[in-house]
Q: 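Please find one structure pasted underneath; my questions will follow.
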Amino acid sequence: MKEKVLTTKKNGMGALFVFLLLYAAAIAGCIGGGFLIEADGTPLVFIVCFIYVMLGWIPMTGLKVLKPQEALVLTLFGKYIGTLREPGFYFVNPFCTAVNPAAKTQLNQSGDVSNKSASAANADAAAAASKKISLKIMTLNNSRQKINDCLGNPIEIGIAVTWKITDTAKAVFNVDNYKEFLSLQCDSALRNIVRLYPYDVAPNVDTTGDGEADEGSLRGSSDVVAGRIRGEIQQRVEEAGIEVIESRITYLAYAPEIAAVMLQRQQASAIIDARKMIVDGAVGMVEMALERLNEKQVVTLDEERKAAMVSNLLVVLCGNHDAQPVVNSGSLY
């Protein structure tokens with residue numbers, strides 16, 4: 001089903017003015033008709049005016065007010081007749097019904113949940129129950145999900161998705177509740193994409209599907225992962241008339257049951273890398289020292305003295321604590 005935008009004239013103010021005049025005339029007719037009944041017994045004017053006073057509110061139900069970035073999906077006896085999109089004051093067929101199956105649905109997103117006072121909360125509830133459909137850009141922030149990455153490690157991840165409705169007919173008629181539908185598809189797409197990536201860079205892991213190992217990871221390639229999640233969600237909600245503008249990872253961490261172990265692993269990896277750097281630097285400094293001594297011919301060392309010097313220099317350069325010198329008053333031999 002495709003959206004049909006109504007180009008109805010914004011004649012709500014004129015219709016309201018006419019209805020108020022008719023009401024005033026009906027009330028005056030009721031009063032005047034009572035005098036006529038007493039005068040000549042003719043009740044016709046009184047009956048007509050009384051009926052209008054009792055039923056005159058029905059045409060007023062056709063008055064519709066739309067603010068910017070709002071839409072109203074109208075049906076007449078079950079048939080979709082069109083959507084009002086432009087802001088203004090309209091008069092439509094009073095028997096038309098506005099449809100919004102997600103009107104009372106409250107998700108953890110902007111515009112749906114509020115921590116205000118009781119009166120403000122009641123006002124928000126009334127606004128949420130409105131049949132008008134918001135065309136504004138909204139943010140969906142689902143609860144955190146516990147998912148296993150491609151290595152089987154459990155992680156916790158949360159995303160925020162910005163979205164808006166582009167086709168009101170699809171949103172209302174193609175799915176039962178477009179807000180719940182979007183929330184479910186976000187969770188499903190998140191699981192499908194996250195299981196393709198490791199938490200951190202791991203060897204021999206193909207995250208792109210081209211058959212070659214790469215350095216993709218949830219922690220290091222967050223923009224790429226978020227883009228793939230957005231594409232996956234968009235593909236799933238296309239039939240609901242929803243456009244996913246952006247998705248962002250808002251929370252990423254190892255699950256509590258393995259967080260301590262993974263922290264120790266990261267610390268051990270960092271210590272090993274630091275030690276490798278220290279050793280590489282120490283070996284280079286020892287080589288430079290021996291070369292300089294040979295060039296300047298400061299002292300002639302045999303292989304045993306060279307070995308002792310190398311050992312002492314490596315101990316000094318690679319040690320965690322300051323060196324404690326030992327004065328040797330004798331000979332090496």
Q: Classify the side-chain pair Asn148/Asn153 by whether it contains a donor and acceptor separated by less than 3.5 Å.
A: no

Q: When Leu74 is tested against each of Thr83, Thr97, Leu6 for side-chain contact (heavy atoms from CB on, under 4.5 Å), which residue passes?
A: Leu6

Q: Applying salt bridge (charged side-chain N to carboxylate O under 4.0 Å, His left out), name anything that partners Glu246, two or more places apart in sequence or on another chain.
A: Arg248

Q: For the residue pair Asp206 and Thr208, confirm or rule out a side-chain donor-acceptor distance under 3.5 Å.
A: yes

Q: Kindly state each residue pair satisfying ring-ring contact (aromatic ring centres under 6.0 Å, His included) with at least one member in residues 166-218, sequence neighbours excluded.
A: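 As it turns out, the ring-ring contact (aromatic ring centres under 6.0 Å, His included) pairs with a partner in residues 166-218, which skip direct neighbours, are Tyr80-Phe173, Tyr199-Tyr254.
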
Q: Can you find a pair of side-chain heavy atoms, one from Thr207 and one from Asp214, that are under 4.5 Å apart?
A: yes

Q: Measure the shortest side-chain to side-chain distance between Val201 and Ser217 over non-hydrogen atoms and say whether it is less than 4.5 angstrom.
A: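 Val201 vs Ser217: side chains touch.
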
Q: So do Arg236 and Asn192 actually touch side chain to side chain, heavy atoms under 4.5 Å?
A: yes

Q: Ignoring hydrogens and geometry beyond distance, is a side-chain donor-acceptor pair present between Glu3 and Thr168 at under 3.5 Å?
A: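 Side-chain D/A pair, Glu3 to Thr168: present.
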
Q: Is the number of heavy atoms from other residues, nucleotides or ligands under 6.0 Å of Gln235 CD greater than 12?
A: no

Q: Please tell me whether Val172 and Met138 are part of a single hydrophobic cluster in this structure, the criterion being side-chain heavy atoms less than 4.5 Å apart.
A: yes

Q: Would you call Lys146-Glu257 a salt bridge at under 4.0 Å N-O?
A: yes

Q: Tell me, do Ile165 and Ser134 make a side-chain contact under 4.5 Å, heavy atoms counted?
A: no

Q: Once side-chain contact (heavy atoms from CB on, under 4.5 Å) is applied, do any residues pair with Tyr52, and if so which ones, sequence neighbours excluded?
A: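 side-chain contact (heavy atoms from CB on, under 4.5 Å) list for Tyr52, sorted by chain: Phe19, Leu22, Tyr23, Ala26.
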
Q: I need the minimum non-hydrogen distance between Phe89 and Met13, along with the two atoms involved.
A: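 The answer is CD2-N, 3.4 Å.
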
Q: Of the non-hydrogen atoms in Asn142 and Cys186, which two are nearest, and what is the gap between them?
A: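 Closest pair (atom of Asn142, atom of Cys186, distance): ND2-CB, 4.0 Å.
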
Q: Evaluate whether atom CD of Glu215 has more than 12 neighbouring non-hydrogen atoms of other residues, nucleotides or ligands under 6.0 angstrom away.
A: no

Q: Can you check whether Ile133 reaches Val73 side chain to side chain, under 4.5 Å on heavy atoms?
A: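 Side chain of Ile133 against side chain of Val73, heavy atoms only: contact under 4.5 Å found.
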
Q: Flag yes if Val99 and Ile242 sit in one hydrophobic cluster, no otherwise; membership is Ile, Leu, Val, Met, Phe, Trp, Tyr, and two members link when side-chain heavy atoms are under 4.5 Å apart.
A: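 Yes: a chain of side-chain contacts under 4.5 Å links Val99 to Ile242.
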
Q: Where is the tightest heavy-atom contact between Ile159 and Asn141, given as atom of each residue plus distance?
A: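 Here Ile159 and Asn141 meet closest at O-OD1, 3.3 Å.
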
Q: So do Thr105 and Glu180 actually touch side chain to side chain, heavy atoms under 4.5 Å?
A: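 Glu180 reaches Thr105 side chain to side chain.
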
Q: Report yes if some heavy atom in the side chain of Glu232 is under 4.5 Å from a heavy atom in the side chain of Ser188; otherwise report no.
A: no

